[in-house]
Structure formats: structure tokens, C-alpha cells
Student: 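My questions all concern the structure below.
Everything quoted here is computed from the prediction, not taken from an experiment. Each chain gets a letter, A, B and so on, in the order its sequence line appears, and its residues count up from 1.
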Protein chains: 2
Amino acid sequence: MSVAIALTTIRPLERETLGDRVYGHLRELLMAGRLAPGDKLSLRGTAEVMGVSMMPVREAVSRLVADRALEVAPNRAVRVPIMTVSQFRELTTVRIEIEGFAAQRAATAASADDIARIATLESAFRALSLLVRPDLAEAVRLNKDLHFAIYEATGLPTLAEIIGALWLKAGPVLNLDLGANPDRLATGGAVRFHADALAAIRAGDGPAARAAIAADIRGAADFIIARGGLAAA
Amino acid sequence: MSVAIALTTIRPLERETLGDRVYGHLRELLMAGRLAPGDKLSLRGTAEVMGVSMMPVREAVSRLVADRALEVAPNRAVRVPIMTVSQFRELTTVRIEIEGFAAQRAATAASADDIARIATLESAFRALSLLVRPDLAEAVRLNKDLHFAIYEATGLPTLAEIIGALWLKAGPVLNLDLGANPDRLATGGAVRFHADALAAIRAGDGPAARAAIAADIRGAADFIIARGGLAAA
DNA sequence: AAACCATAACTGTGATCACAGATCACGGCA
DNA sequence: TGCCGTGATCTGTGATCACAGTTATGGTTT
């Protein structure tokens with residue numbers, strides 16, 4: 001009997017369909033920058049790679065297309081959107097406002113547990129960034145976890161989901177670039193801005209938290225725009 | 001030759017698939033409150049009603065589920081999510097912040113054409129609201145067009161899309177309630193708040209525009225919460 | 001007349017087939 | 001040798017079939 005209870009307890013309240021699994025996988029690839037802007041991907045090809053039929057891939061891709069994380073070209077080719085400089089500027093503007101608001105709100109709404117989790121991730125990211133040859137994939141993951149630990153501390157899950165959609169669009173540009181310029185981890189101000197954000201949240205200082213996150217976003221965006229790797233239009 | 005040029009000019013750059021069409025149709029139904037929270041809808045049933053096979057409906061529904069505008073219950077039933085009071089409060093908080101920011105930005109970024117369009121819609125909404133027996137569906141449409149005329153005047157299409165997703169969630173609650181309480185059109189402050197917003201945008205006063213839109217959102221939300229028709233939890 | 005159980009009719013999910021159109025490579029022509 | 005046309009191949013989209021599970025229904029029994 002106890003075994004049966006344990007099983008029913010473990011079973012997730014919503015079972016995960018194959019489409020959900022494929023969606024999660026593609027989402028991770030996009031956020032981590034493993035898929036570069038312009039990369040094409042075929043439904044049948046990815047279906048074969050993932051060992052499923054075309055249907056779950058179709059469902060996952062249609063979701064990502066709806067969120068503008070992927071696009072279907074008029075040629076009927078699914079690819080990661082190629083972002084122009086002005087589109088990237090617009091996305092950065094929206095991110096600074098929305099993520100800035102989230103940080104501000106987190107400063108006054110975060111629980112002690114939230115702050116502890118944020119502090120742990122900040123410490124881990126800082127330690128990793130100062131290594132001579134840091135694991136970039138791990139750095140990307142820690143950076144994401146740190147940011148979303150802050151955003152989820154707002155108590156506004158809708159807001160965190162919106163920001164997730166924004167990161168899905170920005171991921172290919174941001175993290176692909178990071179692979180080409182690993183120095184940004186150390187020379188960029190991310191470590192300092194994260195520390196500022198943590199201190200502001202600890203102090204309950206909303207405006208300071210907003211400023212720190214805004215500076216973090218702006219710093220990375222300016223670096224990428226300066227590199228000039230984005231499309232012209 | 002001139003005929004060929006004319007044809008290539010007329011042809012839409014992105015052809016619309018059946019899935020897109022079904023998505024647009026369901027989206028309108030949700031935003032207009034024609035689908036109430038808790039309403040179930042079957043893939044085969046709606047497919048037959050719309051005269052297509054199940055596939056386009058599947059794609060459209062999967063998109064709406066991804067955006068939390070629909071949900072699939074563990075029973076494998078697709079339905080409009082039933083919103084609790086706390087969820088509605090959270091959604092309202094996010095809307096006030098994001099739509100408020102958009103209004104603020106529109107006040108400084110709107111072009112003369114943008115302002116003219118906003119003024120036209122404001123006038124039409126006001127005229128309709130003051131009728132003794134206004135067409136509710138038309139009022140909902142005008143209200144939506146007016147708000148999005150403001151949001152699109154920001155020059156930030158990403159922001160307008162985010163707000164569209166928020167309206168998709170709020171639509172069933174807001175506009176279904178409006179059908180039950182048509183008086184809200186006249187007694188609620190919508191007409192006044194819209195006029196305030198237009199005046200602020202004309203004056204380039206960002207904070208005032210933000211305050212007007214925030215008051216508009218809060219007014220409708222408070223009215224609905226006071227009615228007590230939402231789920232308890 | 002009320003309760004209960006079996007069966008039939010639905011549900012979404014996944015796989016497979018069909019089709020129009022675009023891409024690409026290969027072979028023939030200039 | 002360079003260019004163009006043409007067929008094979010691959011693309012996403014739509015339809016249909018199969019399946020496991022839930023819901024509703026109708027008949028039987030107490």
C-alpha cells in the first residue's frame with residue numbers, strides 16, 4: 001500500500017507529452033545559444049534525431065514559431081530568426097523595462113529563502129567567471145538560473161513566463177556571441193552587476209535592484225552591438 | 001510587365017495557413033469574451049464547425065495552450081482556464097505595469113498619425129458608450145483597437161505582442177463579465193480614462209499617460225473582483 | 001423506482017500517408 | 001568551360017488512421 005501511495009505521489013500531476021519534451025529540448029538549445037541565428041532545422045530531421053515521429057516536433061516547433069523564437073521562411077524552411085540591429089535594440093529596450101521592473105519588485109517581495117537561493121547562485125556564477133578557463137555552458141546556465149531566481153521571487157509567475165519568452169528570442173544572439181568572445185565573462189560587468197543586484201535585494205532597495213539588472217542587460221547588449229555581428233537593416 | 005509587377009506587389013509576403021486562420025478565429029473569440037472560463041471545446045467538434053480537418057485546429061490550440069490562453073485538463077479536455085481571484089490580481093498587476101509603461105512611452109514616441117488614429121478611436125468609443133443601448137461587441141472591439149493603437153505607437157512591436165498575450169488571458173474574464181453588466185460601459189470610468197490618456201499623449205506627458213491607462217485597467221479589474229464571480233482559491 | 005455495471009461514443013496524442021512547392025544537383029547545350 | 005534547364009529530393013501543411021483513456025449512456029438488477 002505504501003508503495004502505491006508513493007507512486008501516485010511521484011507521478012506528475014500533468015503527464016508530459018512527447019511534444020512537451022521536444023519543446024523543452026529545443027527551448028534549452030535556443031536559450032543556451034546552441035542554435036545560431038539563421039540555422040535551419042527540418043521537422044523530419046530533428047524527429048529522427050530525437051527518435052520520435054514528426055508530430056511531436058511539429059507541435060513543439062509551432063509553439064516556438066508562435067513565440068517568434070523560430071520562424072518559417074516563405075520557402076517553407078524553419079530557422080532561427082536572423083535579428084537586425086534595430087530589432088535587437090528594441091528587444092533590449094523591452095527587456096530592460098520588464099526585467100528591471102521584476103528586479104525592483106523582487107527587492108521588496110523576496111522571501112528569506114528566495115534571497116538565499118539568489119545568493120547561492122550569485123556566488124557560484126562569480127566563482128566560475130573568475131576561473132582562467134570557465135565552462136561556458138555552465139556559465140550560461142548559472143546566469144540564467146540566477147536571473148530567473150530573481151524573477152520568480154516576485155511572486156508573479158506570469159511575469160517570469162514573459163521574461164522567459166524574451167530570453168528565448170535573445171538567447172541565440174547573446175550566447176552564441178559568448179562562445180566567440182569568452183572574455184566577456186570576466187571583462188564584462190556581469191559579476192559586479194549581479195553583486196549589486198543581490199545587495200539591493202537584500203537591502204530591499206527596489207530602484208537599485210532595477211538599476212543593477214538594467215546595467216547587466218545593457219552591458220551585454222552594448223558589447224554585442226559594438227561587435228557588429230548583427231544584420232544591418 | 002506592369003501586370004506582373006502589380007501581382008507581385010499585391011501578393012501577401014507570408015501566405016496564411018489554415019492553422020493561422022483557425023488561430024486567429026479562436027483568438028478573436030477569446031478576446032471578445034465569446035468563450036467563457038470553463039468552456040470546453042473539442043478538436044474534432046471545432047474542426048467540423050470550421051470546415052477543416054483536425055490538424056489545423058490542433059496547431060492553433062497547441063499555440064493557445066502554450067500561451068496559457070487555453071489549457072488541457074488532465075482528463076484530456078481542452079477548456080478555457082478558470083481564473084482564481086489571486087491569479088486575476090496577479091495578471092492585473094502585470095498588466096498595469098507593462099501597459100502603463102507602453103502608454104508612457106507612447107506619449108513621447110507617438111507620431112502625428114498615431115495620435116490622429118488614437119483620437120479617432122477614442123471618439124468612436126466615447127460616442128458608442130453614451131448610447132442608451134450600445135452594441136457591446138462593437139464596444140469591446142473599439143476598446144481593444146484604441147488600446148492597441150496606443151501600444152503600437154510605442155514603436156516596440158515586441159511589447160505590443162506581449163500585451164496581446166495578456167489580453168488573451170484576460171479577455172474571457174473581462175468581456176464575459178461585461179456581457180452580464182453592460183452598465184459598466186457608462187458607469188465605469190473607461191470613457192474618462194481614455195480621454196485622460198489621449199490628452200496626456202497629445203501633451204507628451206508620459207507619467208500622466210501611464211496613470212490614465214493604469215486607472216483604466218484597475219477600474220475594470222476592481223469592478224470584476226467586487227462582483228465576486230471569480231473562483232475562490 | 002433507484003442504484004449499478006457494462007458498453008458505446010467520445011477525448012487528445014502519436015504515427016503515417018498524400019500533396020504542392022521549393023531546393024539542389026546533375027547532365028546537356030552553347 | 002560556363003550556363004541553363006530538368007528531374008530527384010526534401011520542405012512544411014493537411015488529412016486520415018490507430019490507440020489508450022475518460023465520459024456518458026442505457027439497460028439490467030435489486
Side-chain angles (χ1 to χ4, degrees), chain A residues 4 7-8 10-27 29-30 35 37-82, chain B residues 4 7-8 10-27 29-30 35 37-82:
Chain A
L7 286 178
T8 57
I10 289 178
R11 178 178 54 184
L13 281 72
E14 310 170 5
R15 70 176 162 290
E16 193 179 37
T17 69
L18 285 181
D20 292 335
R21 189 136 41 190
V22 173
Y23 174 78
H25 194 24
L26 290 177
R27 185 183 170 94
L29 290 179
L30 283 167
L35 286 172
D39 277 3
K40 292 185 297 187
L41 66 91
S42 99
L43 298 185
R44 290 174 179 83
T46 62
E48 193 173 6
V49 168
M50 295 190 180
V52 298
S53 89
M54 206 174 38
M55 278 299 312
V57 180
R58 275 175 74 171
E59 196 218 324
V61 166
S62 79
R63 285 199 221 172
L64 293 166
V65 168
D67 288 343
R68 302 276 199 276
L70 293 177
E71 69 179 7
V72 301
N75 348 340
R76 283 187 171 179
V78 177
R79 61 177 184 180
V80 182
I82 296 177
Chain B
L7 285 179
T8 56
I10 290 177
R11 178 178 54 186
L13 281 71
E14 311 170 5
R15 70 175 166 290
E16 193 179 35
T17 69
L18 284 181
D20 292 335
R21 190 135 40 190
V22 174
Y23 173 79
H25 193 24
L26 290 178
R27 184 184 170 94
L29 290 179
L30 284 167
L35 286 172
D39 277 2
K40 293 184 296 186
L41 65 90
S42 98
L43 298 186
R44 290 175 179 84
T46 63
E48 193 173 5
V49 169
M50 296 191 180
V52 297
S53 88
M54 205 173 40
M55 279 300 312
V57 181
R58 276 175 74 172
E59 196 218 325
V61 166
S62 79
R63 285 199 219 172
L64 292 166
V65 168
D67 288 343
R68 302 279 199 275
L70 292 177
E71 69 179 7
V72 301
N75 343 342
R76 283 187 170 181
V78 178
R79 61 177 185 180
V80 182
I82 297 176

Student: Calculate the interatomic distance between A:Arg44 atom CZ and C:dA18 atom C1'; express it in whole Å.
Tutor: 10 Å

Student: Return yes if the base of C:dG12 and the side-chain atoms of B:Arg58 contain a donor-acceptor N/O pair under 3.5 Å, otherwise no.
Tutor: no

Student: Look at the side-chain N and O atoms of A:Ser42 and state whether any lies under 4.0 Å from the OP1 or OP2 oxygen of D:dT11.
Tutor: yes

Student: Would you say the side chain of A:Arg63 lies within less than 4.5 Å of the side chain of A:Val22, judging by non-hydrogen atoms?
Tutor: no

Student: For DNA chain C, whose closest nucleotide is more 5', that of A:Lys40 or that of B:Leu41?
Tutor: B:Leu41

Student: Given atom CG of B:Leu43 and atom P of D:dC19, what is their separation to the nearest angstrom?
Tutor: 20 Å

Student: Does A:Asn75 have a side-chain nitrogen or oxygen under 4.0 Å from the phosphate oxygens OP1 or OP2 of D:dG12?
Tutor: no

Student: Please report the end-to-end axis angle for the helix from C:dA1-D:dT30 to C:dA30-D:dT1, five pairs per end, rounded to 10 degrees.
Tutor: 10°

Student: Closest approach to the side chain of B:Val72, judged atom by atom: which nucleotide of C:dT16, C:dA15, C:dT13 is it?
Tutor: C:dT13

Student: Nearest to the B:Pro56 side chain among C:dT13, D:dG14, C:dA15, which nucleotide is it?
Tutor: D:dG14

Student: Under the rule for side chain to side chain donor-acceptor pair (under 3.5 Å), what residues qualify as partners of B:Glu48, not counting sequence neighbours?
Tutor: none

Student: Distance check needed: C:dC19 C1' versus B:Leu18 CG, whole Å only.
Tutor: 14 Å

Student: Nearest-Å distance, CD (A:Glu48) to C1' (C:dT16)?
Tutor: 15 Å

Student: Between atom CE in A:Met55 and atom P in C:dC17, what is the gap in whole Å?
Tutor: 15 Å

Student: From CZ of B:Arg21 over to P of D:dT13, roughly how many Å is that when rounded to an integer?
Tutor: 14 Å

Student: Side chain to side chain donor-acceptor pair (under 3.5 Å) with B:Arg58: which residues, sequence neighbours excluded?
Tutor: none

Student: Between B:Arg27 and B:Asp20, does the salt bridge (Lys or Arg N to Asp or Glu O under 4.0 Å) criterion hold? Intermediate values first, please.
Tutor: CA-CA 10 Å; B:Arg27 184 184 170 94; B:Asp20 292 335; over 6 Å; no

Student: By the 4.0 Å heavy-atom rule, please label A:Gly19 as base, sugar-phosphate, or nothing.
Tutor: sugar-phosphate

Student: Can you name the closest pair of heavy atoms from B:Arg21 and B:Glu16 and give their distance?
Tutor: NH1-OE1, 4.1 Å

Student: How long is the gap from CE on B:Met50 to CG on B:Leu18, to the nearest 0.5 Å?
Tutor: 11.0 Å

Student: Have a look at B:Val61 and say if it touches a base, only the backbone sugar-phosphate, or nothing, with a 4.0 Å heavy-atom cut-off.
Tutor: nothing

Student: Roughly, in whole Å, what's the span from CE in B:Met54 to C1' in C:dC17?
Tutor: 15 Å

Student: Provide, to the nearest angstrom, the distance between the CD atom belonging to B:Glu71 and the C1' atom belonging to C:dG12.
Tutor: 14 Å

Student: Between B:Ala69 and B:Pro81, what is the shortest heavy-atom contact and its length?
Tutor: O-CD, 3.3 Å

